[in-house]
Protein chains: 2
Amino acid sequence: MTGFETHDHGDCIARGLAQAERYCAAQGLRLTPARRRVLEILLEEHRAMGAYEILDRLRAEGRGAQPPVAYRALEFLTTHGFAHRIERLNAFVACTHAQDRHAPAFLICRACDRVTEAEVAPTAGELGRAAEAAGFTIERTVREAVGLCPACAGAGPA
Amino acid sequence: MTGFETHDHGDCIARGLAQAERYCAAQGLRLTPARRRVLEILLEEHRAMGAYEILDRLRAEGRGAQPPVAYRALEFLTTHGFAHRIERLNAFVACTHAQDRHAPAFLICRACDRVTEAEVAPTAGELGRAAEAAGFTIERTVREAVGLCPACAGAGPA
DNA sequence: GTTGCAATGATATAGTGTTTCATTTATGTG
DNA sequence: CACATAAATGAAACACTATATCATTGCAAC
């Protein structure tokens, strides 16, 4: 899938949550209410959200919600691959791919802020070649492209 | 060069500055004292520095130095390719390559925080392929690998 | 049941980046 | 040179992002 097409994601929230639940059960991880709710919010919005934006949602629901609440949940979710951090945006998105550690790559539209995710081998590509040449051990990669999605490019490049 | 070897950079400060001066003269850009000094600091340190760290240096030299001073200089330097922003670190490094817009890739050692830079075509690799598949127009890319440099990996992986 | 560990609650604080507006400095033009 | 314009700087306040710390609660194993 290309990721930017109009998208009816009726059941992908339920599917994402179910997948996370299954994975946590299998791994002995605790998908606590706070963690589950944050993942659900990310799945519902289906876009990159800042930690404080998530926090606002939690507050609106009456939960006590100091910053660490969001950051702890997000750390759990990103550590286990249920969500990813977009460095360029200081924001987070629900993962749209299979569980377990993988190396995501993102296309970020600077006009509409939508983000689409692709997967790739962590040690592949230019980073992998550069690392090999330098004797560098890759543990995590950040691959993000900023530009215009098809819709925004068509609408007239700002 | 691999980038992590011990490094005697005696004249690379002077060379970096001279290169920037030449390029600015040719392009009608103004390498003002503040901009020049920030570039010089980055070249001297030869590592990724936070904006406020740079600011401290400017203050120590008696310049008035509110945050915008550093951020404006850094915006100029990054826009014209004299320095790059490391998203993962919220920090900046002097460019170690040729002028003019290019797409850098970075290897970031999480133990010693040293950063090495490689160049690559902006639309190459996984990001380029993903973008093509999605009809996405890339304007800028972020490619960063976090891991251990040879020295730190050898010293015992924390 | 109590020991040990993970998770949460709550407060404060640290770190990063931007907005705004007034002022100065450089550049070009009559 | 005088003036108009645009770029850069100075200065204050503010907004956004993230972490440290410590007390408390819940849960699980022994």
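Counting non-hydrogen atoms under 4.0 angstrom, A:Arg72 reaches a base of the nucleic acid.
At the phosphate of D:dT17, neither OP1 nor OP2 sits under 4.0 Å from any side-chain N or O atom of A:Arg85.
Residues A:Val142 and B:Leu89 do not share a hydrophobic cluster, clusters being chains of Ile/Leu/Val/Met/Phe/Trp/Tyr side chains in contact below 4.5 Å.
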Requested in this report: Could you go through the side chain to side chain contact (heavy atoms under 4.5 Å, CB included) check for A:Val38 and A:Val69 one step at a time?
Outcome: CA-CA 10 Å; A:Val38 170; A:Val69 171; over 6 Å; no
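Across D:dA8, D:dG10, D:dA18, the shortest atom-to-atom separation from the side chain of B:Val69 is found for D:dG10. For B:Arg35, the side-chain atoms get nearest to D:dT9 when compared with the rest of C:dT19, C:dT16, D:dT9. Listed nucleotides C:dG17, D:dT17, D:dA8 differ in distance to B:Phe92; the shortest reach to its side chain belongs to C:dG17. The side chain of B:Arg30 has D:dA7 as its nearest neighbour among C:dT8, D:dT19, D:dA7. Distances were taken from every side-chain heavy atom of A:Tyr71 (C-beta onward) to each of D:dT17, C:dA7, D:dA12; the shortest belongs to D:dT17.
The NE2-C1' distance, from A:His80 to C:dA7, rounds to 14 Å in whole Å. For the pair A:Arg59 CZ and C:dG9 C1', the interatomic distance rounds to 13 Å; values are reported in whole Å. One interatomic measurement links the two molecules: CD of A:Glu75 to P of C:dT8, which rounds to 12 Å at whole-angstrom precision. For the pair A:Leu55 CG and C:dG9 C1', the interatomic distance rounds to 13 Å; values are reported in whole Å. If you take CD1 of B:Ile86 and C1' of C:dG15, they are 18 Å apart, rounded to a whole angstrom. Between the CG atom of A:Asn90 and the C1' atom of C:dA14 there is a distance of 15 Å, given to the nearest Å.
Considering only heavy atoms from C-beta on, B:Glu144 stays 4.5 Å or farther from A:Glu144 through its side chain.
Of all heavy-atom pairs spanning A:Ala134 and B:Pro150, the tightest one is O-CG, 3.0 Å.
Between B:Pro68 and B:Ala34, the one whose closest nucleotide on DNA chain D sits nearer the 5' end is B:Ala34.
In this structure, OG1 on A:Thr141 lies 8.5 Å from CD on B:Glu126, to the nearest 0.5 angstrom.
Applying the 3.5 Å distance criterion, the base of D:dA18 shares a donor-acceptor pair with the side chain of A:Tyr52.
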